[in-house]
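One structure is given here, and the rest of the page talks about it.
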Amino acid sequence: MIQRRSLRFTALFAALLIAGGGLAGSLAAAKPKAAAHAAAPVWPLAGDPTVPIEPRAAFAPHVMVAAANPLAVQAGLKVLKAGGSAADAAVAIQAVLGLVEPQSSGLGGGAYMTYYDAKTRTVTAYDGRETAPAGAGPDLFVGPDGKPLAFFTALLSGRSTGVPGAIAMLSLVQHEHGKLAWSTLFADGQRLGDGGFIVSPRLAGFVHGPFPESKAPDAVRYFSKPDGRLVVAGDRLKNPAYAASLRTIAAEGPKGLLEGRIARDIVARLHEGDLPSSMTLADLAGYRPRAEKALCNPWKTYVVCTPQPESSGVSLLQALAMLEHTDIDRRGPTDPVSWVQIAEAERLMYADRDRYVGDPMFVGVPVAGLLDPAYVASRAAAIGQSAAPTPPSFGLPPMAAAMGPDATSEAHGTSHMVIVDADGNVLSMTTTVESIFGSGRMVDGFFLNNQLTDFSFSPLNPDGLPAANAVAAGKRPRSSMAPVIVLDRSGGFVAALGSPGGSSILSYDLKTMIGVFDWKLPMQQAIALPNMVARGASFSSEPELYAPGVVAALKTRGIPSLGGFGENSGVQGIIKRKGGYEGGADPRREGIARGF
Ligand code: GLU
């Protein structure tokens with residue numbers, strides 16, 4: 001675990017470094033805009049007109065897209081211009097992201113989507129989470145000595161891969177809400193795969209980074225040029241195998257991935273090496289995305305919607321509800337007490353989340369109890385003007401069964417997109433291969449996820465109670481991914497946002513919500529606010545981004561040091577304003593918002 005932490009810190013550092021303008025961009029909260037923009041990277045994009053990465057934010061009257069790479073945003077806008085819906089655009093965006101941002105998401109990964117249907121004013125949660133094969137059991141990540149496997153041993157093994165669900169989920173969403181033919185939505189991904197795309201600074205940083213996934217043989221082979229050197233930012237990288245896989249999926253739908261030749265390639269690759277997977281063709285062919293009513297909770301004058309567990313959206317809703325018991329809305333980002341309140345709400349939230357959230361098909365998750373107003377009020381009573389000297393324990397929400405804390409760890413490969421279409425339909429989708437380049441194993445031009453490492457490695461805790469997030473056959477690992485949609489009390493759309501970031505996702509979403517709704521900031525400024533991630537005894541943040549005096553004041557209020565965190569945020573958000581939509585994209589990564 002120690003090794004993993006230090007690697008995570010290195011990753012943060014590298015990511016800030018290679019993002020070039022990333023750090024400068026995030027300083028926008030504290031420094032004049034011009035200074036932030038001067039250092040921002042602009043790079044030419046393959047076969048397309050130059051797409052500047054600045055400004056990140058946009059305002060447009062009819063439609064808006066915000067995603068983690070400008071080429072993906074362009075692909076989405078093209079679909080919307082052709083009369084496509086948000087669901088259509090999401091397919092095109094995912095097809096490009098899987099190519100240009102393979103460290104984050106792709107054909108081999110999973111996703112969650114929160115979807116607002118403008119006609120019915122309802123919010124549906126789509127769950128495309130990877131699933132453990134039928135042959136997986138509680139000892140999946142337990143070694144022959146009876147101890148949990150080392151994290152990276154597990155991650156790089158065939159066992160880490162769950163049945164990929166992102167494409168099956170998108171197919172379901174597009175079937176229900178699409179306007180264009182599925183087969184037409186992959187054109188940009190195919191063109192960029194065949195003709196090549198320009199490697200971005202962030203991708204190059206991961207290719208050259210000190211990460212076991214980057215050193216995996218498939219990754220090294222893919223990213224090596226004919227002269228044996230690894231690609232660098234600005235190089236053109238072709239991936240005809242990826243384009244061919246897209247053609248198959250375009251023609252056959254998710255069956256093209258989960259049945260037939262590609263499925264056979266996946267199974268074969270997962271059975272190679274030590275610790276092979278038990279995955280079979282039947283596991284792949286049997287994958288079904290879930291669709292259910294989103295989990296919505298009133299907050300202030302709004303209703304906030306997220307996916308149901310095994311997503312941790314319930315915990316974000318709980319933290320928002322706890323903060324309603326404070327005066328944070330009358331304070332602002334320059335008041336140190338605001339950040340204490342955020343940190344304390346997060347510590348309470350994570351303590352409960354880590355205890356109770358798992359796949360509801362397998363464990364009882366006390367959703368109503370966690371959001372019960374009296375329970376929330378009792379938890380919120382612990383939030384003061386200084387951080388408590390000892391980390392909070394989990395609480396006892398009504399209807400909760402006895403569950404042990406678990407040993408779940410989450411890593412760095414995820415992406416978030418938000419889309420509003422011309423009919424006012426909105427989607428918020430977090431998509432992932434879990435770690436950087438997933439398990440580092442590739443088939444047919446794409447990386448396979450290592451999402452099963454999001455399960456608790458230990459099925460039982462030391463007191464013998466079962467972990468809610470223990471491995472089981474056919475189970476979906478708990479996720480921190482929590483794509484948000486905010487409505488007004490009459491069901492009208494107000495905002496959509498979300499982020500990658502492993503377990504920090506909940507904190508990134510929370511901060512952005514407070515920035516936009518309590519402090520009334522523009523979406524872009526809310527995204528650029530410092531990230532504060534407080535969990536247990538650790539407080540992680542970006543000290544250089546606070547207003548003068550805040551860090552010193554936090555020291556006197558029980559937050560003596562602010563370390564680095566594992567994975568920086570990649571928040572994308574859209575808010576409805578008078579006359580149109582305001583979109584924002586996280587300056588810590590390479591995303592942009594654009595509309596028309
Ligand atoms: N796999 C993590 C989850 O589902 C997300 C990882 C990340 O954000 O990088 O919660």
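Atoms within a ligand are numbered from 1 in the order they appear, just like the ligands themselves. Numbers here are sequence positions counted from 1.
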Legend entry - Proximity of R129 to ligand 1 by residue part, where a heavy atom lies under 4.0 Å: side chain
Legend entry - R478-ligand 1 polar pair, N/O distance under 3.5 Å: no
Legend entry - Contacting atoms of ligand 1, where contact means under 4.0 angstrom from a heavy atom of G413: 9 (O)
Inset, instruction - Would you confirm whether the ring centroid of F437 sits within less than 6.0 angstrom of the ring centroid of F223? - result: yes
Legend entry - Atoms of ligand 1 close to I505 [distance to a heavy atom under 4.0 angstrom, numbered from 1]: 8 (O)
Inset, instruction - Find all atoms of ligand 1 within a distance of less than 4.0 Å from any non-hydrogen atom belonging to Q451, and give their numbers and elements. - result: 1 (N), 2 (C), 4 (O)
Legend entry - Atom indices of ligand 1, in the order listed, that fall short of 4.0 Å to a heavy atom of D454: 1 (N), 2 (C), 3 (C), 4 (O), 10 (O)
Inset, instruction - Considering only NZ, NE, NH1 and NH2 on the basic side and carboxylate oxygens on the acidic side, decide whether E346 and K511 come within less than 4.0 Å. - result: no
Inset, instruction - Only heavy atoms count here, so choose which of T431, V433, T414, T453 is nearest to atom 5 (C) of ligand 1. - result: T414
Inset, instruction - Check whether any N or O atom of P500, backbone or side chain, sits under 3.5 Å from an N or O atom of ligand 1, and answer yes or no. - result: no
Legend entry - R588 bridged to E542 by N-O distance under 4.0 Å: yes
Inset, instruction - Taking all heavy atoms of N449 and all of G108, pick out the closest pair and write down the distance. - result: ND2-O, 2.8 Å
Legend entry - Greater than 12 external heavy atoms within 6.0 Å of K215's NZ: yes
Legend entry - Carboxylate-amine/guanidinium contact R269 D218, below 4.0 Å: yes
Inset, instruction - With D359 as reference, evaluate R290, K475, R478, R476 under the salt bridge (Lys or Arg N to Asp or Glu O under 4.0 Å) test and give the passing residue. - result: R290
Legend entry - Of the listed options R476, E434, E130, closest to atom 1 (N) of ligand 1 (non-hydrogen atoms): E434
